[in-house]
Protein chains: 2
Amino acid sequence: MEDQSHDYSSCAAEQFSVDCPHRVLFGELSDKWSMMVLTVLANGPTRFNALKRRLEGISQKSLSQTLRKLERNGIITREVVDTAPVAVQYDLSPLGHSVLPPFRALYQWTKENLDQVEAARSSYDTRAG
Amino acid sequence: MEDQSHDYSSCAAEQFSVDCPHRVLFGELSDKWSMMVLTVLANGPTRFNALKRRLEGISQKSLSQTLRKLERNGIITREVVDTAPVAVQYDLSPLGHSVLPPFRALYQWTKENLDQVEAARSSYDTRAG
DNA sequence: CGGCATCCTTTTGGATACTG
DNA sequence: CAGTATCCAAAAGGATGCCG
């Protein structure tokens with residue numbers, strides 16, 4: 001049974017209530033660390049410290065928090081491999097795979113339009129002094 | 001002249017350097033207020049206080065900062081209408097229109113998969129106690 | 001009306017130490 | 001190796017007052 005009877009009264013298209021669950025979920029997905037974790041995992045399952053090495057500048061705490069959040073939202077899976085010492089594999093869930101295309105589209109846009117954005121920045125900074 | 005000769009040595013696909021300009025730009029676009037401003041402006045030019053009323057929970061300072069950032073990046077335009085008292089219209093630039101599809105795709109995903117995400121959350125919270 | 005400047009609180013995040 | 005817990009510094013964000 002999938003119908004959870006959401007109250008969408010706060011989700012009108014042009015009125016973003018702080019309670020709108022879509023807004024909340026979007027907010028949880030659209031931070032830079034989540035995006036980068038997803039992009040790395042798109043290339044296959046990865047272990048905690050390998051992930052940390054790929055995401056230059058992230059602290060262990062932030063990575064841990066990001067992974068917990070993505071795991072809770074069902075975007076990634078966490079598998080403990082019982083070796084000594086223990087190994088932990090993170091991977092995209094089917095749900096995680098389904099969210100990749102929009103992310104890629106946005107990231108692709110930043111690549112294709114970076115020059116225009118930088119030109120706009122120069123223009124703005126010149127006008128503003 | 002469009003070739004600005006970027007140094008992309010820090011932009012390897014699976015190594016997100018803190019200096020990678022795509023990463024920085026993605027970070028500036030993917031915050032909740034920017035997303036919501038863009039979505040409102042997709043329906044036509046809007047004035048400052050009208051925008052503020054639509055974005056429930058935003059402070060004047062945050063809205064102002066968000067608009068400045070989007071304007072600087074060339075995503076939106078700012079037009080001062082010389083009336084008394086003054087009116088200020090914000091609108092999407094052509095560049096702003098071009099970034100809407102990826103945003104819509106991601107937001108659409110949150111709508112289509114919210115049930116699955118909430119089920120995952122319940123499952124996680126049950127496991128974690 | 002559409003802001004900027006200031007102050008102050010709250011949140012975020014890094015460094016460090018410790019555990020299974 | 002893969003974390004959690006704690007402490008502390010830095011940044012984000014709200015409230016208020018003032019200005020063109």
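First the proteins, then the strands, lettered A, B, ... as listed; each starts at 1.
Shortest non-hydrogen contact noted between L25(A) and R121(B) is CD1-NH2, 3.8 Å. Nearest heavy atom pair, residue L29(A) against residue S34(A), reads O-CB, 3.6 Å.
Annotation: side chain of F103(A) is in contact with side chain of F26(B) (closest heavy-atom distance under 4.5 Å).
Here K111(B) contributes atom NZ and W109(B) contributes atom CH2; the two are 14.0 Å apart, rounded to the nearest 0.5 Å.
In this structure, the side chain of S123(B) does not engage the main chain of A119(B) through any donor-acceptor pair within 3.5 Å. Side chain of T46(A) to backbone of L51(A): no donor-acceptor contact under 3.5 angstrom is found. A donor-acceptor pair is defined here as one N or O able to donate and one able to accept, closer than 3.5 Å; no such pair exists between the side chain of S64(B) and the backbone of K61(B). Judged purely by atom type and a 3.5 angstrom limit, N73(B) has no side-chain atom pairing as donor or acceptor with the backbone of I75(B).
For the pair R78(B) CZ and dG2(C) P, the computed distance is 10 Å after rounding to whole Å. Regarding L63(B), its CG atom lies at a distance of 13 Å from the C1' atom of dC1(C), rounded to whole Å.
You can see that DNA chain D meets the heavy atoms of chain A within a 4.0 Å-exclusive cut from dC1(D) to dC7(D), reading 5' to 3'.
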Review point. Tell me, for nucleotides 10-20 of chain C in 5' to 3' order, what letter each nucleotide earns: B for a base near a protein heavy atom under 4.0 Å, S for only sugar-phosphate near one, - for neither?
Key: ---BB-----B
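Note on R47(B): a side-chain N or O is less than 4.0 Å away from OP1 or OP2 of dG2(C).
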